[in-house]
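Beneath this line is the structure, given in structure tokens, with notes to follow.
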Amino acid sequence: MDVYSLFPSAGGEAEKRKFFLEQIEKLLCNIDARKDPELAILDGPIERNYSKLIDESKVPEKGQDLETLHQYLDQFAAGNPYSTKYLMFNADCLPSIPSLLGMLTAALLNSNAIWDISSPAAAEAEVRTIAMMADIIGYNPRLASGYFTYGGQGGIFSGLRIGIEKAAPGSRVNGIPNNLYCFTSKLAHFSLYKAVETGIGTEKVISISTNKDNSMNLNELKERMCEVIENGGKIALVLATAGTTDAFGIDDVRGIKKIIDDLVQTYKLDYVPHLHADGAMGGLYIFFTKYDFDKNPLQFNFRTLQALRKITERISGIKEADSISIDFHKLGQTPYNNSLFMVKDSRDLNLVNLKLDLCPYIGEKGYGDYFTGYTFECSRMASAIAAFANLITFGIEGFQKILGNYVNLTVKLREQLKTKCPLIKIVNHKNYGPISLLRIYNNEVEAVNELKNRAKKEEIIKINKLNEEFYSLLRENRRRMMFGDTKKCALLTAHDTKEQIPINGTKAFIISPYTTIEDIDEITTYLKNTYQQLMATKNQKYITVDSVG
Ligand SMILES: *Cc1c(COP(=O)(O)O)cnc(C)c1O
């Protein structure tokens with residue numbers, strides 16, 4: 001293999017293009033050959049023997065031909081989950097064709113989003129996308145700013161960096177003082193815990209209990225914030241979650257902002273604690289703030305419309321936050337990594353901007369107009385291009401269709417389970433979204449006992465075990481249908497000890513554009529059969545639908 005033959009053309013020659021297209025076609029053919037719309041996983045072995053892989057992997061002395069590479073790539077694809085109608089595992093979406101073209105553009109131009117001199121494409125796409133999203137969110141596009149970063153986790157970290165400088169100016173230079181605290185809910189994503197590791201410390205994260213709808217308890221938040229302030233602490237970050245990872249609970253961001261403003265007044269604080277809305281999971285439902293719920297042009301049925309109204313009412317509050325993050329690689333149908341971070345006031349980015357004399361190689365004054373010295377990354381992926389591609393080709397309506405349909409399917413799934421298999425309960429029945437958390441019970445008495453908060457710690461733990469068995473069984477058969485599972489789908493207060501105990505559940509995350517309302521029947525029957533199978537193996541009498549009434 002001539003190593004010089006392995007590059008795209010320099011002059012746009014048709015011959016080279018044809019060669020490249022043939023390679024792409026081969027790649028697509030190989031992946032397609034492994035697809036089966038009735039299964040959730042591509043054909044081939046799922047398990048990998050990593051020790052064996054380590055032992056047999058060596059850089060070859062001489063380069064291998066592309067055929068060998070295709071064999072490897074095909075082997076990589078084997079056994080991967082794939083977003084058919086039966087993939088309900090997690091927030092892994094099916095990247096759209098436009099978004100793949102966007103990614104490919106970034107790759108073909110080898111775009112580095114750090115500086116417009118290095119990639120005008122990345123800069124243009126980012127500026128345009130940020131402006132579009134500012135408008136959708138309800139930020140002033142002229143005042144707001146933002147960038148794409150390495151994940152929802154990166155978004156939280158970005159918010160925290162700004163918050164630290166607000167609460168303790170000069171921390172970047174002098175180090176972080178030891179009286180900084182962060183607030184978040186007990187159901188927030190673990191990202192914040194990673195973000196505080198290098199400075200603030202996880203001990204300084206105060207996690208607030210959640211309400212029945214899985215949102216943060218604001219009374220407790222206020223109390224704990226007062227406590228910290230009165231004891232001389234400073235608040236670096238209040239992290240609200242707009243769509244928790246498992247239960248899709250949406251915090252009342254408006255309410256949180258009001259508490260912050262009140263406390264600033266009451267205690268005459270000389271800074272305003274930074275409020276970040278983590279919309280990694282749910283943020284894109286912001287598109288429904290543009291939906292005409294009275295005319296209902298997409299003709300959602302009554303229940304779905306009600307659910308969407310509720311989501312929208314809550315999610316629209318994120319515009320009160322000082323910064324927001326939204327993952328396009330979750331519900332936005334783009335490939336990884338594609339995470340938007342936005343600030344309401346672009347001046348906030350100055351708080352974390354590099355001093356230009358620290359980076360003589362790039363972004364020098366007078367050379368280039370767009371240099372993102374305020375990001376945590378140095379070189380940065382031009383993922384804005386992929387997000388932009390979806391925004392342009394889906395439009396507001398396209399996003400509403402796709403995201404509304406996930407809710408529609410969720411509503412249907414819950415209704416069907418209720419009649420078909422009433423001992424599979426929906427843990428997060430108070431919130432809607434694309435996720436249903438399923439928790440099974442041996443019998444109705446046990447279920448009611450727990451749902452009414454009368455279960456003792458020991459009983460909750462026993463039901464946790466039962467659910468572990470349930471999703472183990474689902475896991476074994478995941479090639480057919482793939483569900484997720486979680487050990488903390490919600491917190492339940494034990495009747496005896498009054499502790500909030502994390503509960504196990506199965507996650508049905510409807511996120512494939514290929515799941516239709518007709519498929520819900522098959523899905524719920526499958527769940528019911530799995531439940532019955534488990535009960536049969538446990539040698540317990542299955543309480544039928546009839547006997548429950
Ligand atoms: C997934 C998720 C994150 C982390 O996002 P990554 O893109 O995986 O880094 C943060 N917050 C919430 C609520 C999430 O669901």
Can you tell me if NZ on K401 sees more than 12 non-hydrogen neighbours from other groups inside 6.0 Å? no
Would you call E444-K425 a salt bridge at under 4.0 Å N-O? yes
Under 3.5 Å, is there a donor-acceptor pair linking the side chains of T244 and N214? no
Mind checking whether F288 and F293 have parallel, tilted or perpendicular rings, split at 30° and 60°? tilted
Looking at D43, is its backbone amide N or carbonyl O close enough to the side chain of K35 to form a donor-acceptor pair, meaning the two atoms are under 3.5 Å apart? no
Sorted by chain and number, sequence neighbours left out, side-chain hydrogen bond (donor to acceptor under 3.5 Å, both in side chains) with N467 holds for none
Test your reading of the model: is there a side-chain donor-acceptor pair from R34 to the backbone of A77, 3.5 Å cut-off? no
Testing the 3.5 Å rule here: is there a donor-acceptor pair between the side chains of Y147 and S158? yes
Ion pair present between K52 and E56, side-chain N to carboxylate O less than 4.0 angstrom? yes
When you measure from the side chain of N217 to the backbone N and O of N211, does any donor-acceptor pair fall under 3.5 Å? no
K457/D496 salt bridge by N-O under 4.0 Å criterion: no
Kindly say whether F20 contributes a backbone atom to a donor-acceptor pair with the side chain of Q23 at under 3.5 angstrom? no
For residues Y432 and R414, determine if any side-chain heavy atom of one lies less than 4.5 Å from a side-chain heavy atom of the other. yes
R439 and T506 side chains, donor-acceptor separation under 3.5 Å: no
Side chain of R479, backbone of E476: donor and acceptor closer than 3.5 Å? no
For the residue pair I440 and L534, establish whether any side-chain heavy-atom pair is separated by less than 4.5 Å. yes
Just to verify, what does K465 make a salt bridge (charged side-chain N to carboxylate O under 4.0 Å, His left out) with, not counting sequence neighbours? none
Can you establish whether the number of heavy atoms outside I97 located under 6.0 Å from its atom CD1 is more than 12? no
Short side-chain to backbone donor-acceptor contact, N296 and D292, under 3.5 Å: no
For A280 and K330, which heavy atoms make the closest approach, and how far apart are they? O-CD, 3.7 Å
N/O donor-acceptor pair under 3.5 Å between T149 side chain and G151 backbone: no
Do you see a donor-acceptor pair shorter than 3.5 Å between the side chains of Y336 and D92? yes
Exercise: identify the closest heavy-atom pair between Q333 and I511: OE1-O, 4.2 Å
Can you give me the closest heavy-atom contact between L413 and A508, atom names plus distance? CD2-CB, 4.2 Å
Are the side chains of L527 and F470 in contact, using a 4.5 Å heavy-atom criterion? yes
Take L284 and L403 through the test side-chain contact (heavy atoms from CB on, under 4.5 Å) and record every step on the way to the result. CA-CA 8 Å; L284 284 171; L403 298 175; 3.9 Å; yes
Between Y406, F248, F399, which is the residue that forms a ring-ring contact (aromatic ring centres under 6.0 Å, His included) with Y285? F248
Side chains of N431 and D213: any donor to acceptor distance under 3.5 Å? no
Check: F76 ring centroid to H70 ring centroid under 6.0 Å: no
Pair K420-T525, side-chain donor/acceptor within less than 3.5 Å: yes
Go through the steps for L492 and Q500 under the test side-chain contact (heavy atoms from CB on, under 4.5 Å), then give the verdict. CA-CA 5 Å; L492 213 68; Q500 279 208 310; over 6 Å; no
Does atom CD (E38) have a neighbourhood of more than 12 heavy atoms from anything else shown, all under 6.0 Å? yes
Ring-plane angle category for H276 and F341, please: parallel below 30°, perpendicular beyond 60°, tilted otherwise. parallel
Over 12 foreign heavy atoms within 6.0 Å of NZ, K85: yes
Non-neighbouring partners of Y150 that pass side-chain hydrogen bond (donor to acceptor under 3.5 Å, both in side chains), sequence neighbours left out: none
Could you tell me if the side chain of F394 sits less than 4.5 Å from the side chain of S96, heavy atoms only? yes
Before giving the answer on side-chain contact (heavy atoms from CB on, under 4.5 Å), spell out for R48 and L53 the whole-Å C-alpha distance, their side-chain angles and the decisive distance to 0.1 Å. CA-CA 8 Å; R48 303 288 195 264; L53 293 180; 4.2 Å; yes
Counterpart residues, side-chain hydrogen bond (donor to acceptor under 3.5 Å, both in side chains), relative to T393 (two or more places apart): none
Between H329 (side chain only) and N338 (backbone N and O only), is there a donor and an acceptor less than 3.5 Å apart? yes
Donor-acceptor check, side chain of D485 to backbone of G505, threshold 3.5 angstrom: yes or no? no
Tell me, do L69 and Q64 make a side-chain contact under 4.5 Å, heavy atoms counted? no
Can you check salt bridge (Lys or Arg N to Asp or Glu O under 4.0 Å) on R475 and E469, steps first, answer last? CA-CA 10 Å; R475 247 187 230 174; E469 290 174 50; over 6 Å; no
What verdict does the salt bridge (Lys or Arg N to Asp or Glu O under 4.0 Å) test give for K507 and D246, after you've listed the backbone C-alpha separation in whole Å, the side-chain angles of each residue and the deciding distance to 0.1 Å? CA-CA 7 Å; K507 183 144 101 171; D246 286 337; 2.5 Å; yes
Looking only at atom types and distance, does a side-chain atom of S512 sit under 3.5 Å from a main-chain N or O of T84, one as donor and one as acceptor? yes
Pairs flagged by ring pair (Phe, Tyr, Trp, His ring centres under 6.0 Å) wherever residues 300-320 is involved - sequence neighbours left out: Y291-F300
How would you list, by chain and number, every residue that makes a side-chain hydrogen bond (donor to acceptor under 3.5 Å, both in side chains) with K290, sequence neighbours excluded? none
Sidechain N-carboxylate O distance under 4.0 Å for R454, E446: no
Whether the E450 and Y441 side chains hold a donor-acceptor pair (N or O, under 3.5 Å, no angle test) is what I'd like checked. yes
Side-chain heavy-atom pair P81, Y86 within 4.5 angstrom cut-off: no
Pairwise side-chain contact, H495 with N453, heavy-atom cut-off 4.5 Å (strictly under): no
For the student: nearest non-hydrogen atoms of M132 and L391, plus distance: CE-CD1, 3.9 Å
E25 atom CD, over 12 foreign heavy atoms within 6.0 Å: no
Just by distance, with hydrogens left out, do S339 and D327 show a side-chain donor and acceptor under 3.5 Å apart? yes
Less than 4.5 Å apart, any side-chain heavy atom of E468 and any of K487? yes
When you look at N80 and I31, which way does the side-chain contact (heavy atoms from CB on, under 4.5 Å) test go after all the steps? CA-CA 10 Å; N80 270 252; I31 293 177; over 6 Å; no
Return the minimal non-hydrogen interatomic distance between I250 and I311, and the atom names on each side. CD1-CG2, 4.0 Å
Which pair of heavy atoms, one from G79 and one from I41, lies closest together, and at what distance? O-CG2, 3.3 Å
